[in-house]
Q: 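Sharing a structure below in structure tokens format, with a few things to ask.
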There are 2 protein chains.
Amino acid sequence: MGDVLPVIHYIERYVDLSDEEKNHLASFLKITKVKKRQFIVQPGFVCSHKSYVVKGAFRGYLVDKEGREHTLSFAIEDWWISDYSSLIYQEPATLFVEALEDSVLIQITYEDEQKFLADIPKLEKFERIITQRSLAFQQKRLLSNFTKTAEERYDEFMSKYAAIAKRVPQYALASYLGFSTEYLSKIRNGKTSKS
Amino acid sequence: MGDVLPVIHYIERYVDLSDEEKNHLASFLKITKVKKRQFIVQPGFVCSHKSYVVKGAFRGYLVDKEGREHTLSFAIEDWWISDYSSLIYQEPATLFVEALEDSVLIQITYEDEQKFLADIPKLEKFERIITQRSLAFQQKRLLSNFTKTAEERYDEFMSKYAAIAKRVPQYALASYLGFSTEYLSKIRNGKTSKS
DNA sequence: AAATAAAAATGAACTGGTTTAGGAAATAAG
DNA sequence: CTTATTTCCTAAACCAGTTCATTTTTATTT
């Protein structure tokens, strides 16, 4: 059980668990190791797990019909990642989720999560709260895309998530912020009209 | 109690409720009538309610520092609306939520919702599920903004939400889709480069 | 350490969508 | 039914960010 403790601790930030509940929960959790450039989710396949990052970095992205990549999310230590739509509706994924470094995950399958939500109802509260926070985050991101220029979005990201920016390739960051990698290059080297 | 039944029925799509639970729940719900152009949420004030639309139409939007409006959501009959961030964190709102028509709402306060979530734990499941769906929806919208042109987003919206498009002013629709009202005018009248 | 592949930089030409400024239609109000 | 207000349309100039094509730098593999 020792190796799945990070997830138990994560959940305990939101709800209290008895020792019995913790053990029950731990029995559903599995450690997985993945190598850099390995995919844990791929378009066409139903996303079967939710993954907590113990060590490493990931990126979830879509490839559009013109072949362009658009990054929906990053995850480093202590974050969760999956193709959320595919997971909750149990339908084929549209995203790739790829390891950007050799990584270690703690995973739980969709079916097991449904089981323990039924067995331990207070975990519903945990799920509700973290989903609400993700939603609030996504709304801010959407508004930021509407209201801010490319450069402002870049500055905002750097000030909030410098730790992530350092670890991900530049083309991945550009595609997260919603502009081309060439333009990110210009921003970084001050070749844009103003400033 | 009759007048708050729509919300009870809405919740029953997701979880079963005993008569006692329904009555308990109903005691927290209040009917509110608002006139066209009236605000139910305003920046600077904490959003105290979650609102279910019985009749009418609403729009939630942000005004940026240049004075431009950006619509985050619409709501017509059988939808919910609020400033979600403000509600869950109980911090000052950043959005306006405005009635686009004379409308009727069923509202519940943040405190009362916390109470009944504690009293009736299975409502946590209801909250969890609808929040998950909102999140999946928002992710699709974000990706749609990244991957599609203004015209494609317009066509997509029209085919999915023609009912809403008919009821909201054009500037509100443009600001939801993320482009200027002049450009929407061009799209509608086929004055854009292709097509 | 050499060879190869992947990522980042650069610059010129271009384009999807904005801005500005106006006029025409439609809604709402007296 | 008349006036005021809000909403919608048009058109030309403009710009933030893209595209394309090539080079340099940095990782990865042998």
Side-chain angles (χ1 to χ4, degrees), chain A residues 35-38 57 59 61 63-71 74 96 98-102 144-158 164-195, chain B residues 35-38 57 59 61 64-71 74 96 98-103 144-158 164-195:
Chain A
K35 285 270 179 195
K36 182 167 179 173
R37 262 175 266 277
Q38 192 176 325
R59 126 183 211 248
Y61 64 96
V63 179
D64 71 21
K65 52 187 187 320
E66 272 92 39
R68 274 180 281 264
E69 298 182 1
H70 305 275
T71 301
F74 291 117
F96 290 94
E98 183 190 14
L100 298 171
E101 305 172 359
D102 293 353
S144 166
N145 274 301
F146 279 158
T147 59
K148 295 183 178 159
T149 64
E151 211 161 345
E152 288 169 335
R153 274 176 274 146
Y154 171 74
D155 291 342
E156 184 185 36
F157 189 92
M158 291 308 285
I164 292 179
K166 262 176 225 147
R167 288 169 72 174
V168 307
Q170 201 153 118
Y171 64 83
L173 180 53
S175 79
Y176 178 90
L177 293 173
F179 47 75
S180 70
T181 157
E182 290 90 342
Y183 199 68
L184 176 50
S185 204
K186 283 185 198 171
I187 292 174
R188 282 210 160 143
N189 300 292
K191 298 285 184 181
T192 144
S193 42
K194 78 168 178 181
S195 127
Chain B
K35 284 273 179 195
K36 181 167 179 172
R37 262 176 266 276
Q38 192 176 326
R59 126 183 211 249
Y61 64 96
D64 71 20
K65 53 188 185 316
E66 272 92 41
R68 272 180 285 263
E69 297 182 2
H70 304 276
T71 300
F74 291 117
F96 289 93
E98 182 190 13
L100 297 171
E101 305 172 358
D102 292 353
S103 304
S144 166
N145 274 299
F146 279 159
T147 60
K148 297 184 177 159
T149 65
E151 208 159 349
E152 287 168 337
R153 274 176 275 146
Y154 171 75
D155 291 343
E156 186 185 33
F157 190 92
M158 290 309 284
I164 292 179
K166 262 176 225 146
R167 287 169 73 173
V168 306
Q170 204 153 113
Y171 64 82
L173 179 54
S175 79
Y176 178 90
L177 294 171
F179 46 75
S180 70
T181 154
E182 290 87 346
Y183 200 67
L184 177 50
S185 204
K186 281 189 199 170
I187 293 173
R188 283 211 159 143
N189 300 291
K191 298 284 185 180
T192 143
S193 42
K194 78 167 179 181
S195 134

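Residue numbers begin at 1 in each chain, while the letters A, B, ... track the order of the sequences. These numbers come from a predicted model, not from an experiment.
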Q: Give every pair of a protein N or O atom and an N or O atom of nucleotides 21-28 of chain C that lie under 3.5 Å apart, one pair per line with the distance.
A:
| unit_1 | atom_1 | unit_2 | atom_2 | d |
| --- | --- | --- | --- | --- |
| C/dA28 | OP1 | B/K36 | NZ | 2.9 |

Q: Under the side chain to side chain donor-acceptor pair (under 3.5 Å) definition, can you give me all pairs with a residue in residues 164-173 of chain A, not counting sequence neighbours?
A: A/E77-A/R167, A/E101-A/R167
Q: Whole angstroms only, please: what is the CG-C1' distance between B/N189 and D/dT7?
A: 14 Å
Q: Determine whether B/F179 and B/I187 make a side-chain contact, defined as any pair of heavy atoms from C-beta on separated by less than 4.5 Å.
A: yes
Q: Can a side chain N or O of B/Y183 be found less than 4.0 Å away from OP1 or OP2 on C/dT18?
A: no
Q: What is the distance, to the nearest angstrom, from the NE2 atom on B/H70 to the P atom on C/dT18?
A: 11 Å
Q: For B/E182, what residues pass the salt bridge (charged side-chain N to carboxylate O under 4.0 Å, His left out) criterion, not counting sequence neighbours?
A: none
Q: Please report the shortest heavy-atom distance between A/Y183 and A/A150, naming the atom on each side.
A: CE2-CB, 3.6 Å
Q: Excluding sequence neighbours, so at least two apart, what forms side-chain hydrogen bond (donor to acceptor under 3.5 Å, both in side chains) with A/S175?
A: A/T71
Q: Using the side-chain heavy atoms of A/K186, tell me which of these nucleotides is nearest: C/dA8, D/dT19, D/dC8.
A: D/dT19
Q: Out of C/dA9, D/dT18, C/dT19, which has the shortest distance to the side chain of A/S185?
A: C/dA9
Q: With the side chain of B/T149 defined as its heavy atoms from C-beta on, choose the nearest nucleotide among C/dG17, D/dG17, D/dC8.
A: C/dG17
Q: Can you check the B/Y154 OH to D/dC8 C1' distance for me, whole Å?
A: 13 Å
Q: Report for the helix from C/dA1-D/dT30 to C/dG30-D/dC1: angle between first-end and last-end helix axes, five pairs each, rounded to 10 degrees.
A: 60°
Q: Could you report the tightest heavy-atom contact between A/T147 and A/E152, atom names first, then the distance?
A: O-OE1, 4.3 Å
Q: Between B/R167 (CZ) and D/dT7 (P), how many Å, whole number?
A: 16 Å
Q: Name all residues meeting the salt bridge (charged side-chain N to carboxylate O under 4.0 Å, His left out) criterion together with A/K35; count only those two or more places apart in sequence or in a different chain, and write none if there are none.
A: A/D102
Q: Side chain of B/A150: nearest nucleotide among D/dT7, C/dT18, C/dG17?
A: C/dG17
Q: Using whole Å, report how far OH of B/Y171 lies from P of D/dC9.
A: 14 Å
Q: Checking A/Y154 now: which residues fulfil ring pair (Phe, Tyr, Trp, His ring centres under 6.0 Å) with it, not counting sequence neighbours?
A: none
Q: Sequence neighbours excluded, which residues qualify as ring pair (Phe, Tyr, Trp, His ring centres under 6.0 Å) partners of A/F96?
A: A/F39, A/Y61
Q: For D/dC9 and B/Q170 - does any side-chain N or O of the residue sit under 4.0 Å from the phosphate oxygens OP1/OP2?
A: yes
Q: To the nearest angstrom, how far is A/R68 atom CZ from D/dG17 atom C1'?
A: 12 Å
Q: Please identify each residue that fulfils side chain to side chain contact (heavy atoms under 4.5 Å, CB included) with A/R68, with sequence neighbours left out.
A: A/D64, A/E66, A/H70
Q: Between A/L184 and B/K148, which is nearer to the 5' end of DNA chain C once each is assigned its nearest nucleotide?
A: A/L184
Q: Can you check the A/E152 CD to D/dG17 P distance for me, whole Å?
A: 9 Å
Q: Please state how far atom CZ in A/R59 lies from atom C1' in C/dA7, giving the value in whole angstrom units.
A: 12 Å
